[in-house]
Amino acid sequence: MTTTITPLIAGNWKMNGSRASLEELQQLAGLLTTGEAPKAMVVICPPATILHAVASQGSTSGILAGGQDCHASASGAYTGDISAGMLADAGAQFVIVGHSERRAAHGETDQIVRAKAEAAIGAGLKPIICVGETGAERDSGKAEAVVAALLAGSVPDAAELHEVIVAYEPVWAIGTGRTPTNDEIAQMHNRIRAILVERFGDKGASTRILYGGSMKPQNAREILNIENVNGGLVGGASLLARDFYTIISAV
Ligand code: 13P
């Protein structure tokens with residue numbers, strides 16, 4: 001891990017969680033405030049229905065809040081959508097954009113993801129921009145080329161002046177219990193770093209690159225120790241306070 005970058009561990013609760021989950025958050029807050037101070041920034045991205053509650057409750061223990069998606073427009077006739085400004089108003093400081101589940105299930109293209117990231121920046125949020133190859137793309141040796149193209153299309157030019165976060169999430173590793181080897185993660189994160197540096201200079205050198213996909217208490221330490229892995233984007237294992245805390249403590 002690059003020592004000058006403060007690592008960030010973000011929990012993506014996806015479509016899980018209700019007001020009852022605030023109990024779990026309370027437990028996490030208790031663990032974070034009683035033990036040794038965490039060496040990572042801690043972010044929870046809950047469903048929008050409890051975002052405000054998570055942001056309010058988390059603030060006393062240093063837990064930051066994020067949205068899971070935003071619309072590219074600031075307001076308007078978009079039934080069911082939520083703008084970046086609304087997320088910020090609810091207390092979010094981050095927003096995930098371009099998660100593979102949204103790219104696949106909602107037809108989000110690079111162009112849409114880039115517009116969402118720009119909207120997030122415009123609303124004062126830090127976008128967590130997700131990229132990753134499918135299993136078939138990896139098997140055919142195209143993983144790096146696919147990720148490079150996703151980065152080129154999804155990361156806005158505004159990243160040169162504003163803080164964005166990149167999350168490498170191999171689609172085939174999400175929710176499957178399978179992860180790339182440490183060498184494969186290192187190779188991809190080094191490649192992403194080189195691309196960011198080439199495009200954004202110093203800003204690219206200090207951009208956080210998170211790993212996501214079946215990160216668990218059992219594998220977090222070794223993954224987080226890999227060069228250019230500046231934290232994690234955690235799905236399933238972020239739902240239980242004890243597991244998520246173990247991952248945070250692995251930094
Ligand atoms: P899992 O940790 O459940 O594999 O999910 C990863 C993910 O999609 C985080 O955004």
Side-chain angles (χ1 to χ4, degrees), residues 7-17 21 24 28 40-48 50-51 54 63-70 87 92-106 108 113 116-117 120 125-135 137-138 143 146-147 150-151 154-155 164-182 184-185 188-189 192 208-224 226 229-251:
L8 185 153
I9 305 290
N12 175 9
W13 283 6
K14 308 191 180 184
M15 201 171 72
N16 300 291
S21 319
E24 208 66 38
L28 176 66
M41 284 174 78
V42 178
V43 180
I44 297 281
C45 301
I50 52 169
L51 175 61
V54 166
I63 299 170
L64 305 172
Q68 297 179 8
D69 175 50
C70 65
L87 296 175
Q93 297 183 38
F94 299 82
V95 59
I96 298 167
V97 293
H99 192 283
S100 61
E101 286 154 13
R102 293 206 61 89
R103 289 180 188 264
H106 297 266
E108 293 193 5
V113 174
K116 289 182 174 201
L125 300 178
K126 298 174 181 70
I128 301 172
I129 304 168
C130 302
V131 295
E133 82 286 356
T134 63
E137 287 162 346
R138 175 159 288 274
V146 166
V147 167
L150 288 167
L151 280 175
S154 307
V155 179
V164 306
I165 296 150
V166 170
Y168 168 55
E169 296 207 313
V171 179
W172 54 272
I174 294 175
T176 59
R178 293 165 55 217
T179 57
T181 64
N182 292 348
E184 286 167 339
I185 294 175
M188 186 63 84
H189 278 245
I192 293 172
R208 289 190 183 89
I209 307 170
L210 312 183
Y211 170 79
S214 297
M215 187 180 266
K216 306 276 178 221
Q218 298 79 1
N219 61 20
R221 191 173 296 275
E222 55 176 315
I223 293 175
L224 292 167
I226 298 171
V229 174
N230 312 117
L233 183 53
V234 186
S238 71
L239 294 172
L240 290 175
R242 174 60 64 180
D243 285 357
F244 195 49
Y245 177 70
T246 305
I247 293 173
I248 294 163
S249 308
V251 171

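Counting starts at 1 for both ligands and their atoms, following the listed order.
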message: R102 vs E108, test: salt bridge (Lys or Arg N to Asp or Glu O under 4.0 Å). Steps then yes/no.
response: CA-CA 6 Å; R102 293 206 61 89; E108 293 193 5; 2.8 Å; yes
Assess the side chains of [X] and [Y]: does a donor N or O sit below 3.5 Å from an acceptor N or O?
{"X": "E169", "Y": "H99", "result": "yes"}
{"X": "T134", "Y": "E137", "result": "yes"}
{"X": "R221", "Y": "T246", "result": "no"}

Side-chain donor or acceptor of Q68 paired with backbone N/O of C45 under 3.5 Å: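 Such a contact is found between Q68 side chain and C45 backbone.
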G236, S238, A237: member with heavy atom nearest to atom 3 (O) of ligand 1: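 Nearest option to atom 3 (O) of ligand 1, by heavy atoms: G236.
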Options S214, G11, A167, ranked by nearest heavy atom to atom 1 (P) of ligand 1, top entry: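 Comparing heavy atoms across S214, G11, A167, the nearest one to atom 1 (P) of ligand 1 lies in S214.
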query: K14 near ligand 1, heavy-atom distance under 4.0 Å?
result: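 K14 counts as a contact of ligand 1 under the 4.0 Å cut-off.
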query: Can you check side chain to side chain contact (heavy atoms under 4.5 Å, CB included) on L8 and I165, steps first, answer last?
result: CA-CA 9 Å; L8 185 153; I165 296 150; 4.0 Å; yes
Looking only at N/O atoms, are [X] and ligand 1 under 3.5 Å apart anywhere?
{"X": "G213", "answer": "no"}
{"X": "K216", "answer": "no"}
{"X": "G235", "answer": "yes"}
{"X": "E169", "answer": "yes"}

field: Within reach of ligand 1, part of I174 (heavy-atom separation under 4.0 Å)
entry: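 Both of them.
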- request: Identify, by atom number and element, the atoms of ligand 1 in contact range of L233, meaning under 4.0 Å from any of its heavy atoms.
  value: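 Checking each atom against L233, I get 9 (C), 10 (O).
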message: Could you tell me, atom by atom, which parts of ligand 1 come under 4.0 Å of a heavy atom of H99?
response: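 Reading through ligand 1 atom by atom, the close ones are 7 (C), 8 (O), 9 (C), 10 (O).
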- prompt: So K116 and D69, salt bridge (Lys or Arg N to Asp or Glu O under 4.0 Å) or not? Walk me through it.
  reply: CA-CA 8 Å; K116 289 182 174 201; D69 175 50; 2.8 Å; yes
